[in-house]
Amino acid sequence: DFTHEFSVGESSAGILKLFRLEDGPCIVGDEKSDPEMMRFLGAEKKRKTGQQFCVWETALLPREVMDRLELKGYKLIHTTGIGQTFVATLHKDAEPGSV
């Protein structure tokens with residue numbers, strides 16, 4: 001039961017995305033992720049048996065997650081691979097008055 005890891009976390013420097021390339025659900029956030037963004041990504045909050053934390057999973061493919069994030073204004077900056085994990089760095093300009 002492999003999963004795609006895709007962490008949605010924002011900072012002033014941008015946003016870092018990680019996901020594995022095996023079959024399985026795509027993990028798009030942790031228990032502290034923005035629920036509105038998670039719903040936009042079609043994700044459900046789940047806790048795996050034996051885990052101490054929750055994750056948000058979506059049935060979307062990583063490419064579909066990236067497409068939806070692009071609709072929210074995120075731009076792809078860089079990609080790389082680490083073993084079987086694909087890493088994509090995205091950035092979104094801060095909204096005026098949000099910093």
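Keep in mind the model is a prediction, meaning the values are calculated, not measured.
Of all heavy-atom pairs between Ser33 and Trp56, the closest is CB-CD1, 4.1 Å. Residue Leu41 comes nearest to Leu60 through the heavy atom pair O-CD1, 3.2 Å, listed as atom of the first residue, atom of the second, then distance. Between Gly42 and Thr58, the shortest heavy-atom contact is O-OG1, 3.5 Å. Of all heavy-atom pairs spanning His78 and Thr80, the tightest one is NE2-CB, 4.2 Å. Leu61 and Glu64 make their closest contact through N-OE1, 2.7 Å (heavy atoms, listed as atom of the first residue, atom of the second, distance).
With sequence neighbours excluded, the residues forming a side chain to side chain contact (heavy atoms under 4.5 Å, CB included) with Glu44 are Lys46, listed by chain and number. Looking at residues two or more places apart in sequence or on another chain, you find a side chain to side chain contact (heavy atoms under 4.5 Å, CB included) between Arg47 and Cys54. Residues satisfying the salt bridge (charged side-chain N to carboxylate O under 4.0 Å, His left out) test with Lys75, not counting sequence neighbours, are none. Checked against side chain to side chain contact (heavy atoms under 4.5 Å, CB included), Gln52 has no partners two or more places apart in sequence or in another chain.
Note on Tyr74: it does not cluster hydrophobically with Ile77, by side-chain heavy-atom contacts below 4.5 Å among ILVMFWY residues.
Counted within 6.0 Å of CD on Glu36, heavy atoms from surrounding residues, nucleotides or ligands total 12 or fewer; the atom is thus considered open.
Atom-to-atom distance recorded for Lys45:NZ and Asp30:CG is 9.0 Å, nearest 0.5 angstrom.
Inter-residue side-chain proximity for Met66 and Leu90 is flagged as met; some heavy-atom pair is nearer than 4.5 Å.
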| field | Lys92/Leu69 under side chain to side chain contact (heavy atoms under 4.5 Å, CB included): CA gap, chis, key distance, verdict | value | CA-CA 10 Å; Lys92 177 180 177 183; Leu69 290 171; over 6 Å; no

